[in-house]
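Written out below as C-alpha cells is the structure these notes cover.
To find a chain, count down the sequence lines: A is the first, B the second, and so on, and within it residues start at 1.
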Amino acid sequence: MNTLIHWWNLLGADGQHLVVMTAQIVAVMMSVIVSVAMMTYAERKVIGFIQVRIGPNQVRIFGLPFLKGLAQPFADVIKLLLKEVIVPAESDKFLFLLAPLIALVPALATWAVVPFSPDFVLAKLDAGLLYILALTSLGVYGIILAGWAANSKYALLGAMRSAAQIVAYEIAMGFALVGVLMAAGSLNLTEIVRAQSHGYASYVYPWQAAGFLSWNWFWLFPLMVVYFIAGIAETNRAPFDVAEGESEIVAGFHVEYSGATFATLFALPEYANMILVATLASVLFLGGWQSPFEGYLAADLPLASPSFLWLFLKILCFLFCFLWFRATFPRYRYDQIMRLGWKVFIPITLIWIGVECVMVWFKVGPWARVL
Amino acid sequence: MLANYLPVLIFLLVAGGFGGLLIVLGFVLGPRKPDSEKLSPYECGFEAFEDSRIKFDVRYYLVAILFILFDLEIAFLFPWAVSLHAIGRPGILSMVVFLTILLVGFIYEWKKGALEWD
C-alpha cells in the first residue's frame with residue numbers, strides 16, 4: 001500500500017489526472033458493456049413475456065438459488081469466446097478481422113461526450129453533437145467492410161442494404177438534430193440539456209421552471225418521433241431489419257462471422273448503438289438528467305432535483321420501446337423502408353425546421369428572448 | 001481547448017484495445033480445426049456458382065449520391081442553427097432562400113423518380 005502511494009505521488013499532477021481519466025473511461029466503457037449484456041437478457045425476457053413465454057430462466061450466478069436466468073448473457077459471452085473463429089478461405093483476412101473493430105470502436109467511443117449528470121461527462125467537447133454524428137457515421141464502414149471482406153453473396157447483399165438504409169435515415173436524423181440545435185444554440189450536449197431547464201414552457205406559463213413541459217419534446221415533438229424511428233432504422237432493428245433478414249439472406253453482413261468476431265462485430269456494437277440512440281433521445285428531447293417535477297414540487301425534494309437516475313429512467317423507457325416494436329411490428333419491405341426515409345421523414349423534418357424558423361421570427365415560446 | 005479532446009483519444013484507444021483483446025481471446029480460447037468445407041462461403045448446401053463480388057444495383061449509387069447532397073446541406077445547417085441567436089432575422093432569411101433552392105431540387109428528384117425503389 002505504501003509503495004502504491006509512493007508511486008502515485010511520483011506520477012505528478014498530470015500523470016494522476018491521466019490515470020483518473022483512464023479509470024473513468026474504463027468504468028464508463030465497462031458499464032456500457034454490462035448494459036449491453038443486460039439488454040440482450042432484457043430483450044429475450046421482454047419479448048418472451050409479450051409472446052406469453054418465460055424466456056431464459058435457468059442460468060444462475062454461481063448457482064445461487066435466486067435471480068434465475070440473469071447470468072444468461074454472461075454464459076453467452078463465455079460460449080462465444082470458446083467457439084472457433086472461422087476466417088473463410090476466400091475472404092480478405094485482414095479486412096475481415098479489422099471490420100469488427102471498426103464497428104465496435106465508434107459504438108463505444110461516442111459515450112465520451114454523453115452527459116450523465118450535471119457535472120459528470122468524460123469529454124467536455126463544444127462540438128459534442130458533431131462528434132457523435134461523425135462517429136456514428138463511421139460505424140457503417142464496419143458493416144460494409146464486413147460484408148465485402150467475407151466474400152459471400154449474402155454478406156454483400158446484407159451490407160449493401162444496411163448501408164443504403166443507414167445512409168437514408170441519417171439525413172432525417174441530421175435534420176432532426178438541426179431542429180434541436182436551433183432550440184439549444186449549442187453543440188455541447190451539457191449545454192443542450194441545460195437549455196431545456198428554462199426558456200420553454202416557462203415563457204408560456206408564469207412559473208420559472210416548468211419541469212417536463214420545458215423540455216425540447218414540447219416544441220419539437222415531430223422531430224423527436226422522427227429521431228427515434230430513424231434511430232431504430234440506423235441500428236438495423238426490427239421492423240427495419242431487412243439487412244439481417246434471416247428468412248431471405250440468412251443473417252446479412254455477419255453471416256460468415258463466428259465466435260468472438262461475431263460478438264465484436266455484431267452483438268456489442270448493435271446493442272451499444274441502441275442504448276446510445278435511447279440516451280441521445282433522452283438527452284436531446286427529454287431533458288437528460290433533469291427531473292420532470294422541477295418547478296412543481298419543492299426544490300429541495302430529491303424527486304425534484306436533477307439526477308443521473310432520471311436519465312437512466314428515460315433511457316429505459318426508450319429501450320423498452322425498441323423491444324416492444326420488435327415484438328409488435330412485422331418487418332418492412334425494403335422499398336417501404338426507403339419510402340419512409342426519403343418521402344416521409346425528410347419532408348416532415350424540413351417542414352418542422354420551417355415552422356421553427358417562423359417561431360423564431362415571431363418570437364414564439366422558447367425563442368421569445370432570441371433576436 | 002485541445003486538452004478537451006484527450007479523453008476522446010484515450011477512449012478510442014481503450015475501446016480499440018478492448019475489441020482487439022476480444023478477437024485475440026477468441027483465437028486463443030477457441031478450438032482451431034479448419035477444413036475446406038468449413039472455410040468455404042456460406043451457401044445452401046451446394047458449391048457457390050460464381051464469384052460473390054457481384055455487380056450490385058445502380059440504385060445504391062443513386063442513394064449514395066443523394067446522401068452526399070443532403071448531408072452537405074446538413075453540414076451547412078449545423079453552424080447556422082448554432083449561431084441563430086447571433087445572426088438574427090437576416091440569417092433566417094438567407095437560410096430560407098438556401099432551403100428553397102434545395103427544396104426545388106428535392107421536388108425535382110421526387111418527380112423524376114429518383115426516390116422510388118421498385
Side-chain angles (χ1 to χ4, degrees), chain A residues 21-22 25-26 29 81-86 88-90 97 100-101 104-105 108-109 111-112 122-125 130-131 150-154 156 160 164 167-168 170-171 174-175 178 181-182 185-187 250 255-256 259-261 263-264 334-335 338-339 342-343 346 350 357 360-361 370-371, chain B residues 4-8 10-12 14-16 18-20 22-27 29-34 36 38-43 48 51-54 56-57 59-60 63-64 66-67 70-71 74 77-78 80-85 88-89 92 95-96 99 103 106 110 115-118:
Chain A
M21 195 192 284
T22 312
I25 286 168
V26 171
M29 197 180 80
L81 283 180
L82 293 177
K83 291 282 178 187
E84 180 172 357
V85 178
I86 298 169
E90 288 173 43
L97 293 176
L101 281 182
L104 178 71
V105 171
L108 291 178
W111 288 88
L122 288 173
K124 298 174 188 67
L125 294 194
L130 210 56
Y131 169 76
N151 207 351
S152 158
K153 277 177 202 160
Y154 300 98
L156 187 69
M160 293 306 300
V167 144
E170 196 147 293
I171 296 165
F175 277 130
V178 168
L181 292 178
M182 287 172 73
S186 172
L187 280 162
V250 285
V255 62
E256 298 289 348
T261 46
T264 337
Y334 200 68
D335 61 312
M338 294 311 256
R339 193 196 311 143
W342 288 104
K343 294 189 174 176
I346 291 178
L350 276 175
C357 279
V360 177
W361 188 275
V370 182
L371 299 185
Chain B
N4 285 342
Y5 287 84
L6 188 63
V8 170
I10 297 176
F11 210 134
L12 286 173
V14 170
F18 176 76
L22 265 185
I23 292 174
V24 170
L25 267 182
F27 274 108
L29 296 177
R32 212 140 165 70
K33 299 192 201 85
S36 64
K38 202 189 268 177
L39 296 185
S40 64
Y42 174 85
E43 197 49 90
D51 190 51
S52 37
R53 304 264 154 82
I54 44 176
F56 44 79
D57 205 312
R59 285 178 297 193
Y60 288 111
V63 167
L66 288 180
F67 167 71
F70 279 95
D71 217 36
I74 292 167
L77 278 169
F78 260 52
W80 168 78
V82 171
S83 56
L84 195 61
H85 300 238
R89 291 198 166 146
I92 294 179
M95 190 45 82
V96 166
L99 278 183
L103 203 64
F106 184 62
W110 192 320
L115 307 178
E116 304 291 335
W117 195 281
D118 40 34

Any idea how B:Phe70 and A:Phe175 line up, ring-wise: parallel (<30°), tilted (30 to 60°), or perpendicular (>60°)?
perpendicular

One should read off an interatomic distance between A:Leu108 CG and B:Phe11 CZ, to the nearest 0.5 angstrom, of 6.0 Å

Honestly, the part of A:Leu350 sitting under 4.5 Å from a heavy atom of chain B is side chain

Closest non-hydrogen contact found for A:Ala123 with B:Val8 is CB-CG2, 3.8 Å

Shortest non-hydrogen pair, B:Phe67 vs A:Trp342, comes out as N-CH2, 4.1 Å

Under 4.5 Å to a heavy atom of chain B? For A:Leu156 that would be side chain

What one should report as the nearest heavy-atom pair of B:Ile74 and A:Gly174 is CD1-CA, 3.8 Å

Okay, A:Lys83 and chain B: the region with an atom under 4.5 Å from a heavy atom over there is backbone

The interface call for A:Met160 against chain B, heavy-atom contacts under 4.5 Å, is both

Comparing A:Val178, A:Leu122, A:Leu104, A:Val26 against chain B, the one with the most heavy-atom pairs below 4.5 Å turns out to be A:Val178

The interface call for A:Ile346 against chain B, heavy-atom contacts under 4.5 Å, is side chain

Heavy atoms of A:Ala164 and B:Tyr60 approach each other most closely as CB-CD2, 3.6 Å

Separation between CD1 (A:Ile86) and NZ (B:Lys33), nearest 0.5 Å, reads 11.0 Å

Value for CD (A:Glu84) from CZ (B:Phe27), rounded to nearest 0.5 Å, stands at 9.5 Å

For B:Val82 and A:Leu187, the nearest pair of non-hydrogen atoms, with its separation, is CG2-CG, 3.8 Å

To the nearest 0.5 Å, atom CG of B:Leu25 lies from atom CG of A:Leu81 at 6.0 Å

In terms of heavy-atom pairs under 4.5 Å with chain A, the winner among B:Val96, B:Leu6, B:Asp71, B:Leu99 is B:Leu6

Closest non-hydrogen contact found for B:Ala15 with A:Met29 is CA-SD, 3.8 Å

Has B:Arg89 got a side-chain atom pairing as donor or acceptor with A:Val360's backbone, closer than 3.5 angstrom? no

Pair count under 4.5 Å, heavy atoms only, with chain A: among B:Gly26, B:Pro31, B:Gly19, highest is B:Pro31

